[in-house]
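Letters A, B, ... are given to chains in the order of the sequence lines, protein chains preceding strands, and every chain is numbered from 1.
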Amino acid sequence: AQSVAQPEDQVNVAEGNPLTVKCTYSVSGNPYLFWYVQYPNRGLQFLLKYITGDNLVKGSYGFEAEFNKSQTSFHLKKPSALVSDSALYFCAVRDPGHYQLIWGAGTKLIIKP
Amino acid sequence: SQTIHQWPATLVQPVGSPLSLECTVEGTSNPNLYWYRQAAGRGLQLLFYSVGIGQISSEVPQNLSASRPQDRQFILSSKKLLLSDSGFYLCAWNFGRQETQYFGPGTRLLVL
């Protein structure tokens, strides 16, 4: 069965430190990969996506993600965390043959000053 | 540029009452449209999606239904709400299978 795993329910990082939010997937073929962020009581905002090409993808707000096909991972990273990065982060994957996204359960990122 | 609207922003309804949530996209034509529900501020569950007027695909059997009466309008309905229908309802749009989905601001529904 196709699935997306975000193994950490919550990640705590000190402001200024690098952050990583993990995502692994189980989808056949060459899936499309996405990261979204959600602030409290708001809709989801698109951060970045990988379709093809360079494994390191840069997105909004200084975030980047690295696609690793052998490990079927797409971890979200940022070199220096800001308190304003505190939010809920979702990884999503799409089988190219389908319209539907397969979503991870979300990771709550808390950046402490 | 494209904009997606949802209303109402917040809704409190009694059990057994009907429901109608509306989603409208501006600045584009023939988008794919999606309804999601998010429970307890976590995972998203795809409820319905539509690739054209009158075309609705249902992902989860339940007491909700969706309609697309116009190209850029997507409506989520229920004849009788259940307590379990409480949640945060999100509408999204995109073009084609490859493109990113963009989300509306959401409607928070509380069924009492």
Side-chain angles (χ1 to χ4, degrees), chain A residues 1-10 21 23 25 27 29-53 57 59-60 63 65 74 86-110, chain B residues 1-11 21 23-25 30-52 55-60 68 74 87-110:
Chain A
Q2 298 180 329
S3 63
V4 175
Q6 292 182 243
E8 300 151 319
D9 191 59
Q10 181 170 308
V21 182
C23 173
Y25 63 91
V27 176
N30 298 308
Y32 305 146
L33 305 163
F34 302 83
W35 275 102
Y36 287 83
V37 60
Q38 185 180 32
Y39 298 98
N41 297 312
R42 300 290 184 91
L44 276 69
Q45 295 179 32
F46 168 70
L47 279 178
L48 51 81
K49 68 179 177 182
Y50 174 84
I51 303 297
T52 187
V57 179
S60 305
F63 284 94
F74 190 54
S86 299
L88 188 57
Y89 289 81
F90 288 97
C91 179
V93 176
R94 176 184 294 131
D95 181 325
H98 295 84
Y99 288 95
Q100 305 92 314
L101 284 169
I102 303 165
W103 292 86
T107 298
K108 187 175 183 179
L109 178 64
I110 297 176
Chain B
S1 64
Q2 298 86 7
T3 309
I4 181 168
H5 302 280
Q6 287 186 245
W7 62 89
T10 305
L11 191 60
L21 303 181
C23 170
T24 301
V25 181
N30 198 30
N32 301 323
L33 296 170
Y34 306 81
W35 275 114
Y36 288 90
R37 177 167 59 200
Q38 184 179 28
R42 281 300 174 130
L44 278 77
Q45 179 185 40
L46 178 63
L47 302 174
F48 302 94
Y49 70 95
S50 171
V51 301
Q55 299 180 55
I56 308 293
S57 296
S58 174
E59 290 296 302
V60 182
R68 186 169 176 175
F74 204 24
F88 193 45
Y89 288 82
L90 292 158
C91 182
W93 75 275
N94 72 349
F95 288 122
R97 296 186 177 94
Q98 179 175 347
E99 295 297 324
T100 302
Q101 289 184 19
Y102 294 96
F103 284 79
T107 294
R108 185 160 300 283
L109 172 65
L110 179 60

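We find the CG-CD distance between Asn32(B) and Gln100(A) to be 10.5 Å, quoted to the nearest 0.5 Å.
Heavy-atom pairs under 4.5 Å with chain A peak, among Leu46(B), Leu90(B), Val51(B), at Val51(B).
In terms of heavy-atom proximity, Tyr36(A) sits nearest to Gln101(B) at OH-O, 2.6 Å. Residue Leu44(A) comes nearest to Phe103(B) through the heavy atom pair O-CB, 3.4 Å, listed as atom of the first residue, atom of the second, then distance.
Proximity of Tyr36(B) to Leu101(A): side-chain heavy atoms (C-beta onward) are separated by under 4.5 Å at one or more points. Using a 4.5 Å cut-off on side-chain heavy atoms (C-beta onward), Trp103(A) and Gln38(B) make no contact. In this structure the side chain of Glu99(B) reaches within 4.5 angstrom of the side chain of Lys49(A), judged on heavy atoms.
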